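The structure appears below as structure tokens.
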Amino acid sequence: MKYIIGNWKMNKTAPESIDFMRKLSSFLMEDTYDFNCHVVIAPPVIHLPHCFQFSKEINLAAQNLAAEDFGAYTGEISAAMLSEYVKYAIIGHSERRQYFQETAVILNKKITMAFKYNIRPVFCVGEKEQDRELGNYFNVIEGQLNETIMLLPDEHLSNCIIAYEPVWAIGTGKTPSLAQIEEMHAYIRKMLVLKIGKYNASKMPILYGGSCSVKNSSSILHQNNVDGLLVGGASLDFMHFKEIIECSDTSC
Ligand code: 13P
């Protein structure tokens, strides 16, 4: 079962999000729809209540959650509040790390909050272009995992979804080669096998994200160890996103 997660980031008005969700939910309800896929949308938080009316067909994710439980944190949204609407939360996205200075300490608090309120983390890791050029990318990803989700008790780690999103591939139209994607996913899987054993590691979804498009999604999804996609820009257009979902059908 593949995961196709659309991360809308800071895009779409309320009417635009409802229109998209209505189209997506009709598509997923069609008799002919029989794809092997969990479809998840991460809308801006203010649209979650509107989008929730479609939650029978479409799972929802938060793009972020507060590191604290409740209290005097102006502007923050807690995991408890989000848990009324979402099953998933994206944590550790490179944009949060870069623009909001989210460090491993903060990310670990967010992961704790997610589990406290039964929200499944979609935990993002990714190397910068310079790390790729210096051949340092395995170390970077290993470090990002070791200082965060690898510290979790095994039952929580096993419940995480990992998204490999090379920073240089996000929003740039550049993607790693299929061999590079497969190599990194296999590396992450190997780390998980060492930590939680082959059976549990094989069940953990490892998604790819970064300039996924209608053109490249099918081939990326068919790589070993790629269990789905975290789609940014191409998830904003219903027709593009629908075609990406169709790629998750194993026959295509
Ligand atoms: P793009 O698909 O726009 O490159 O964004 C990827 C991403 O950051 C998803 O979280």
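Counting starts at 1 for both ligands and their atoms, in listed order. Only a predicted model underlies this, so the values are computations on that prediction, with no experimental measurement involved. We use all heavy atoms of the structure for the numbers below, so side chains are in, but hydrogens, waters and symmetry mates are not.
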Identity and distance of the protein heavy atom lying nearest [atom]:
atom	answer
atom 3 (O) of ligand 1	Gly233 N, 2.8 Å
atom 2 (O) of ligand 1	Gly232 N, 2.9 Å
atom 5 (O) of ligand 1	Lys9 NZ, 3.2 Å
atom 7 (C) of ligand 1	Glu165 OE2, 3.1 Å

Aromatic plane relationship, Tyr88 with Tyr3 - under 30° parallel, 30 to 60° tilted, over 60° perpendicular: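 The rings of Tyr3 and Tyr88 stand perpendicular, inter-plane angle above 60°.
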
Mutual orientation of the aromatic rings belonging to Phe20 and Phe238 [parallel < 30°, tilted 30-60°, perpendicular > 60°]: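 Taking Phe238 first and then Phe20, their aromatic rings stand perpendicular (interplane angle over 60°).
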
Ionic contact status for Arg97 with Glu102, cut-off 4.0 Å: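 Judged by the 4.0 Å cut-off on N to carboxylate O distance, Glu102 and Arg97 do not form a salt bridge.
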
Sub-4.0 Å heavy-atom approach of Ala234 to ligand 1: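 Distance cut 4.0 Å: Ala234 fails for ligand 1.
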
Min heavy-atom dist Ser213 to ligand 1 below 4.0 Å: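 No.
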
Ligand 1 versus Asn7: contacting region, heavy-atom distance under 4.0 Å: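 Looking at Asn7 and ligand 1, just side chain atoms fall under 4.0 Å.
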
Proximity of Ser235 to ligand 1 by residue part, where a heavy atom lies under 4.0 Å: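 Looking at Ser235 and ligand 1, no heavy atom falls under 4.0 Å.
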
Common cluster, Ile106/Ile111, ILVMFWY with side-chain heavy-atom separation under 4.5 Å: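 No, Ile106 and Ile111 fall in different hydrophobic clusters.
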
Minimum heavy-atom distance Ile119-Ala79, with the two atoms named: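 For Ile119 versus Ala79, the nearest heavy atoms are CD1-O, 3.5 Å.
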
Heavy-atom check, side chain of Glu76 versus side chain of Glu68, under 4.5 Å: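 Counting from C-beta outward, Glu76 and Glu68 never come under 4.5 Å.
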
Cation-pi, Tyr137 ring and Arg132 (6.0 angstrom, 45 degrees):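 Verdict for Tyr137: a cation-pi partner in Arg132.
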
Check each atom of ligand 1 against the heavy atoms of [X] and keep those under 4.0 Å away; list them by number with element.
X	result
Leu230	9 (C), 10 (O)
Gly210	4 (O), 6 (C)
Ala169	4 (O)

Distance-only side-chain donor-acceptor flag, His93 / Glu165, under 3.5 Å: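 Indeed, the side chains of His93 and Glu165 share at least one donor-acceptor pair under 3.5 Å.
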
Sub-3.5 Å N/O-N/O distance, Gly171 and ligand 1: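 N/O-N/O distance under 3.5 Å: yes.
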
Geometric N/O contact Thr172 with ligand 1, under 3.5 angstrom: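 No, since none of the N or O atoms of Thr172 sits under 3.5 Å from an N or O of ligand 1.
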
Asp227/Lys203 under salt bridge (Lys or Arg N to Asp or Glu O under 4.0 Å): CA gap, chis, key distance, verdict: CA-CA 10 Å; Asp227 303 301; Lys203 299 273 170 234; over 6 Å; no

